[in-house]
Student: 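After the structure tokens below, expect a handful of questions from me.
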Amino acid sequence: QVHLVESGGGLVQAGGSLRLSCAAAGRSVSSYTMGWFRQVSGKEREFVAGINWNGAITTYADSVKGRFTISRDNAKATMYLQMNNLKPEDTAVYYCAAGLSISFLSRSGLYDYWGQGTQVTVSS
């Protein structure tokens with residue numbers, strides 16, 4: 001069992017930055033693939049970024065590539081999403097996720113554990 005808690009969301013002006021954190025607790029958390037997803041009310045959850053167990057492999061949605069950076073600190077059992085040059089279309093609830101043996105990091109159905117979400121709002 002893995003428990004995930006997101007934090008760091010808030011209100012920011014377009015062009016600004018935020019850093020989201022995902023604190024993880026459980027057995028062998030450092031062995032898990034982890035990712036960030038986001039969801040707007042009335043729309044399907046969409047992939048944002050993913051990272052493998054040691055951070056050697058990262059994947060980004062085209063919409064955030066070059067602006068967002070995913071990272072993890074296994075010693076602290078924490079994953080991060082640095083979001084720069086934020087745009088109003090980035091507004092959503094952001095969710096942290098984790099799973100084992102994930103071959104396609106962008107597929108939400110392959111992740112086993114999810115956090116409660118944190119709201120990110122970007123004003124124009």
Side-chain angles (χ1 to χ4, degrees):
Q1 184 69 36
V2 175
H3 182 64
L4 306 172
V5 179
E6 304 96 332
S7 62
L11 175 64
V12 66
Q13 189 175 1
S17 299
L18 284 174
R19 188 183 73 164
L20 304 183
S21 298
C22 174
R27 294 180 178 178
S28 302
V29 172
S30 62
S31 298
Y32 282 73
T33 297
M34 301 186 74
W36 289 98
F37 294 78
R38 64 188 183 188
Q39 187 170 25
V40 178
S41 180
K43 295 184 177 181
E44 291 235 330
R45 179 177 50 191
E46 67 173 344
F47 172 76
V48 177
I51 188 167
N52 81 322
W53 72 275
N54 66 356
I57 302 172
T58 58
T59 304
Y60 298 91
D62 289 340
S63 59
V64 307
K65 197 172 299 181
R67 300 187 297 119
F68 291 10
T69 302
I70 188 171
S71 63
R72 66 191 297 167
D73 185 340
N74 286 339
K76 297 181 179 179
T78 303
M79 178 180 64
Y80 305 95
L81 183 67
Q82 179 65 47
M83 305 185 294
N84 297 326
N85 191 25
L86 283 161
K87 303 176 180 180
E89 51 262 45
D90 295 319
T91 295
V93 176
Y94 283 71
Y95 295 92
C96 171
L100 288 171
S101 301
I102 296 176
S103 56
F104 295 94
L105 276 64
S106 62
R107 295 184 178 180
S108 62
L110 299 180
Y111 290 82
D112 299 308
Y113 306 101
W114 296 83
Q116 84 289 347
T118 185
Q119 177 71 46
V120 172
T121 303
V122 184
S123 62
S124 59

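Just so you know, these numbers come straight off a predicted model, no measurement behind them. In this chain, residues are counted from 1 in sequence order.
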Student: What verdict does the side chain to side chain contact (heavy atoms under 4.5 Å, CB included) test give for F68 and L86, after you've listed the backbone C-alpha separation in whole Å, the side-chain angles of each residue and the deciding distance to 0.1 Å?
Tutor: CA-CA 9 Å; F68 291 10; L86 283 161; 3.8 Å; yes
Student: Side chain of T91, backbone of V122: donor and acceptor closer than 3.5 Å?
Tutor: yes
Student: Just to verify, what does Y60 make a ring pair (Phe, Tyr, Trp, His ring centres under 6.0 Å) with, not counting sequence neighbours?
Tutor: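 Y60: no ring pair (Phe, Tyr, Trp, His ring centres under 6.0 Å) contacts found.
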Student: Is there a path of hydrophobic side-chain contacts, each under 4.5 Å between heavy atoms, that joins V93 and Y113?
Tutor: no
Student: For the pair N52 (side chain) and I57 (backbone), establish whether a donor and an acceptor sit closer than 3.5 Å, ignoring hydrogens and angles.
Tutor: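 Side chain of N52 to backbone of I57, a donor-acceptor pair under 3.5 Å: yes, one is there.
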Student: Would you check if the side chain of E6 reaches a backbone N or O of G117 as a donor-acceptor pair within less than 3.5 Å?
Tutor: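 Between the backbone of G117 and the side chain of E6 there is a qualifying donor-acceptor contact (under 3.5 Å).
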Student: So, Q82 side chain and T69 main chain: donor-acceptor pair closer than 3.5 Å or not?
Tutor: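 Looks like no, no N/O pair under 3.5 Å.
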Student: Which heavy-atom pair separates G99 from Y111 by the least distance, and what is that distance?
Tutor: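 It is N-CD2, 3.9 Å.
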Student: Between atom CZ of R19 and atom OG of S7, what is the distance when rounded to the nearest 0.5 Å?
Tutor: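 Reported to 0.5 Å precision, the distance equals 8.5 Å.
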Student: Between CG of L81 and OH of Y94, what distance do you get to the nearest 0.5 Å?
Tutor: 7.5 Å
Student: Per the salt bridge (charged side-chain N to carboxylate O under 4.0 Å, His left out) rule, what does the pair list look like for residues 20-42, sequence neighbours excluded?
Tutor: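 Listed once each, the pairs are R38-E46, R38-D90.
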Student: By salt bridge (Lys or Arg N to Asp or Glu O under 4.0 Å), which residues pair with K65, not counting sequence neighbours?
Tutor: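 Only D62 meet the salt bridge (Lys or Arg N to Asp or Glu O under 4.0 Å) criterion with K65.
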Student: How would you list all residue pairs meeting salt bridge (charged side-chain N to carboxylate O under 4.0 Å, His left out) that involve residues 110-124, not counting sequence neighbours?
Tutor: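 Non-adjacent pairs meeting salt bridge (charged side-chain N to carboxylate O under 4.0 Å, His left out): zero.
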Student: Could you tell me which non-hydrogen atom of I51 sits nearest to which non-hydrogen atom of M79, and how far apart they are?
Tutor: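 Scanning both residues completely, I find the closest heavy atoms to be CG2-SD, 4.0 Å.
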Student: Between Q119 and A92, what is the shortest heavy-atom contact and its length?
Tutor: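 Closest heavy-atom pair between Q119 and A92: NE2-O, 3.4 Å.
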Student: Could you tell me which residues satisfy ring pair (Phe, Tyr, Trp, His ring centres under 6.0 Å) with W114, sequence neighbours excluded, listed by chain and number?
Tutor: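 Result, ring pair (Phe, Tyr, Trp, His ring centres under 6.0 Å) vs W114: F37.
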Student: Let me confirm one number: the CZ-SG distance from R72 to C22, rounded to the nearest 0.5 Å.
Tutor: 9.5 Å
Student: Search all heavy atoms of Q116 against all heavy atoms of L4 and return the closest pair with its distance.
Tutor: OE1-O, 3.8 Å
Student: Treat each ILVMFWY residue as a node, draw an edge where side-chain heavy atoms are under 4.5 Å apart, and state whether L18 and V48 are in one component.
Tutor: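 Hydrophobic grouping puts L18 with V48.
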Student: Under 3.5 Å, is there a donor-acceptor pair between the side chain of R107 and the main chain of S103?
Tutor: no
Student: How long is the span from the CD atom in Q13 to the OG atom in S124, to the nearest 0.5 Å?
Tutor: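 Q13 CD to S124 OG: 8.5 Å, rounded to 0.5 Å.
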Student: Would you mind listing the cluster partners of Y80? Hydrophobic ones only (ILVMFWY), side-chain contacts under 4.5 Å, chaining allowed.
Tutor: none
Student: Under a 4.5 Å side-chain heavy-atom rule over Ile, Leu, Val, Met, Phe, Trp and Tyr, are I70 and F47 clustered together?
Tutor: no
Student: Compare every heavy atom of L105 with every heavy atom of T59, then report the nearest pair and how far apart it is.
Tutor: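 Residues T59 and L105, closest heavy atoms: OG1-CD2, 4.1 Å.
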Student: Looking only at heavy atoms, which two atoms of L110 and F104 are closest? And how far apart?
Tutor: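 Heavy atoms of L110 and F104 come nearest at CD1-O, 3.7 Å.
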